[in-house]
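Residue numbers start from 1 in every chain, and the chains themselves are labelled A, B, ... in the order their sequence lines are given, proteins ahead of strands.
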Amino acid sequence: MDRLRIALIDAVSTDGWQGPTHAFQQAARSLSGMGHDVMVIDASRVGSGALPPLLTAQNRATATRHMLASHRLAMQLAENPPDLVIAPLRGGIAQAPLMARACGEAFAKTRFALWSNVPSRDRLIAGDAEVGDLSPVIGDAMERQCLSLADALIVDDASGPPVTLGESLNQLPHVSCRRVARPPLPGPAADVQEIVLVGTFQRSSGVPEFIEAIEQLDRSGVLGGRLVTFLGPIGDSRYGLSKEWLGQRAARWTFRFRVVPESNREAALVYAGQAGRLAVGISSDGDEIEAIRARCPRHLTHPARPMSDGDLVSGLAAAISSALHDAGQDPLPETEVDWKDLLENILAQPIRAKKTTSVKISVCVLHYDRLPLLERALSSIPETIDGQDVEIIVVDNATPMSGMKDRIEAVAGQRRRLKVLDLKERLPQAAACNLGLAAAEGDVVAFLDDDNFYVRDGLARLAAAASAHDVVVTNLEIFDGHEGAPSSGRLIFLGEAHSAGLFYNFFGDTAMAVRKAAFAPLGCFHEMSCEYPCLDWVSLAKAYGRGLRIGVLQWPAVRYRRDTARADIQAAKLDQAGARALVFNAYRGRFDAEMVARYAQNLELGDL
Amino acid sequence: MAHIGHVDGLSRGQVRGWAIDPEAPGDRAVVHFETARGGKLRRVLADRYRADVHKQGIGDGYCGFAVPAKHFDPSARVRFFCGHPLRELGRFSFRAAAPKAATFKTGSLVLRIDRRPAAAGLTGWALNRQDLEHRRRLLLCANGHIVATQTATLFREDSLSEGGDGLHGFSLPPVDASSGLAIVDASTGTAIDLD
């Protein structure tokens with residue numbers, strides 16, 4: 001086997017934990033030992049480098065952290081693309097690099113494998129974390145995209161339940177892990193003086209079951225004088241398990257206990273791994289369990305699903321008792337993944353990215369009374385792409401000035417294929433765009449506002465990506481004022497936003513390209529008999545609701561002029577309630593109702 | 001070093017501000033606030049993007065916070081805190097005095113201009129007391145040239161004191177000129193010199 005460049009991506013932390021998960025520590029050791037060039041990248045620490053500020057439709061760093069981290073990761077990996085990327089499914093950190101590959105922008109020769117762990121959706125639905133932000137819903141959208149774009153899903157039967165997420169899961173090749181025996185970790189055979197529950201202080205970490213088991217052991221005299229420690233992220237006060245709750249629960253305890261509110265995972269594992277401590281982990285998440293097993297010589301792990309109906313308590317009490325008396329090891333066999341075998345299986349899977357092809361393209365520019373800006377916009381459109389003429393259609397939306405057709409032809413210069421639709425009455429934006437679409441002869445039609453313009457090769461990249469999608473949007477390079485102004489930020493989108501798109505426009509902007517044959521039958525841009533807010537959001541939600549494939553260029557194809565002077569007096573921007581109502585209807589129910597309901601439940605906690 | 005930040009005030013039903021720890025600008029500050037004077041503290045995460053703060057070179061800009069006004073006792077003057085130990089970040093009162101402004105009256109025309117740098121844009125409200133439904137078309141002139149126009153129809157609660165429905169506000173764009181500024185009521189030709 002040739003020497004490969006392999007990137008192992010450590011996920012962005014969730015559930016209050018900080019720092020790397022070290023989920024791929026063993027993989028890094030094994031793959032390096034096989035002679036490969038291995039990079040372990042902590043996705044939460046990838047810097048922005050020379051990137052402008054990254055902006056999203058929601059503009060909240062915490063809720064959108066998966067999006068921001070994924071985009072930064074794509075930019076970093078593209079500088080020197082690896083042969084293979086292995087990334088966790090949860091959080092969808094591989095979404096931006098995978099989307100760049102799907103749009104033909106980068107990573108053409110890079111294979112992507114997803115490490116199967118519990119998806120954000122399942123954690124949100126089954127867990128009790130008081131998540132008041134959109135991060136699990138955004139994470140879910142990214143995970144679904146990853147599943148539809150990656151090359152393989154790595155399934156470890158020993159570390160968790162199977163993934164049951166998304167319509168595209170069945171098309172994604174599954175690669176199973178083979179496990180081999182490993183020697184137990186060396187550790188001093190000191191008696192256990194302290195029992196440490198490692199995990200976020202939540203029901204989903206088995207806290208109530210652990211407490212019940214400890215109380216049983218205390219009543220039966222097994223606990224002795226041992227200290228009981230709760231180690232991990234914990235809230236002071238919340239409508240769930242917290243220090244306040246624990247204080248009340250512990251009112252009648254006679255055994256010694258303490259809380260170590262450690263949110264740094266690495267520090268927590270070091271603490272729990274010290275001599276005289278028995279680390280206990282209860283979780284359905286294989287990564288959590290594996291970290292404890294790999295780092296703490298005295299451990300007891302239960303790969304169970306807390307909050308389920310099963311009797312976890314008696315088994316847990318018996319296992320702790322056994323571990324205390326026998327100074328024995330975890331009853332589960334000590335094994336590790338056979339990465340040599342796994343790597344061969346991953347490499348046997350084909351790269352699934354569709355090839356982009358040359359297409360006949362038209363560009364529709366909607367104009368109203370901004371000739372100098374229109375001139376700049378038109379000058380950014382190349383005459384030809386891949387040897388094919390680019391058609392330009394300028395829809396003048398009834399500029400109150402005579403001779404507009406001649407004026408527009410004059411600013412357009414010598415163009416082989418130029419049409420000017422000189423409207424005599426002003427139309428709503430959607431209707432004007434649809435007129436342009438109807439007049440276009442290209443297979444792919446791109447839309448551009450008259451105050452924006454394409455960056456060099458921007459239109460060519462849009463055209464290429466549109467050959468592999470039904471609709472392609474682009475991340476936008478924002479600037480304020482004159483065209484030479486430095487970038488004020490990069491607005492990034494998700495394309496197929498899944499359930500997250502119900503709440504904010506994570507889909508994209510009207511600076512998009514559509515395959516006419518796919519977009520026209522669904523009625524093009526959503527038209528109403530009056531103006532309505534967020535044409536882009538509503539129309540893209542409609543495309544999504546009807547199952548169209550939406551791609552996103554990761555490198556901006558368009559420089560987008562932000563009109564800060566007008567921003568405060570645009571009625572449509574204020575009507576966010578109306579936009580959401582229209583978007584909801586456009587979805588036609590294509591969202592995850594269980595997850596959205598669970599998210600809403602959590603939101604209501606803030607009003608208690 | 002203590003956190004830095006500001007409690008900006010009420011905007012679209014939310015009390016807004018920003019906070020950041022200059023020594024850990026990548027961390028998101030937790031802002032604690034009273035909902036009633038001396039009441040139990042609640043918390044909000046300061047992680048909203050604030051372009052204005054970012055442009056000042058402070059952190060990555062993701063340091064804004066917003067708390068729905070419905071959470072507050074409207075009669076209270078509440079405090080916001082940040083840091084370890086908690087230090088006061090700022091105060092907010094729903095009964096705050098109207099923003100400092102200059103009022104010009106010419107006949108029945110009333111023009112109120114908020115005091116803020118012209119480079120940040122001109123805001124205020126304008127109305128004709130004898131014809132409240134006829135919204136004023138305003139021309140912003142700099143050194144004799146019209147640089148912006150707008151009809152004063154934005155909602156300004158403080159204009160209710162003059163009667164009418166409050167829809168008399170305007171928000172004109174920033175201009176470079178530091179002198180020679182005037183606002184002209186296009187219907188009557190009445191000019192008000194802003195220098």
Task: Proximal component of Leu68(A), with respect to chain B [non-hydrogen, under 4.5 Å] - done: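 Side chain of Leu68(A) only, per the 4.5 Å heavy-atom cut-off to chain B.
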TODO: Could you list the residues that satisfy side chain to side chain donor-acceptor pair (under 3.5 Å) with Arg426(A), not counting sequence neighbours?
DONE: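 For Arg426(A), no residue satisfies side chain to side chain donor-acceptor pair (under 3.5 Å) once neighbours in sequence are set aside.
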Crowded around [X] [atom1]? As in, over 12 foreign heavy atoms under 6.0 Å?
{"X": "Glu157(B)", "atom1": "CD", "value": "no"}
{"X": "Arg45(A)", "atom1": "CZ", "value": "no"}
{"X": "Phe479(A)", "atom1": "CZ", "value": "yes"}

Open item on the list: Return the OG1 to CZ distance between Thr62(A) and Arg48(B), rounded to the nearest 0.5 Å.
Closed with: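 Answer for the OG1-CZ pair, Thr62(A) versus Arg48(B), is 10.5 Å.
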Open item on the list: Just so I know, are the side chains of Asp47(B) and Arg60(A) near enough to count as touching, which here means a heavy-atom distance under 4.5 Å?
Closed with: yes
Open item on the list: If you define the side chain from C-beta out and look only at heavy atoms, does anything of Asn59(A) sit under 4.5 Å from Tyr62(B)?
Closed with: yes
TODO: Below 4.5 Å from any heavy atom of chain A, which atoms of Arg43(B) appear? Answer side chain, backbone, both or neither.
DONE: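 Contact with chain A is through the side chain of Arg43(B) alone.
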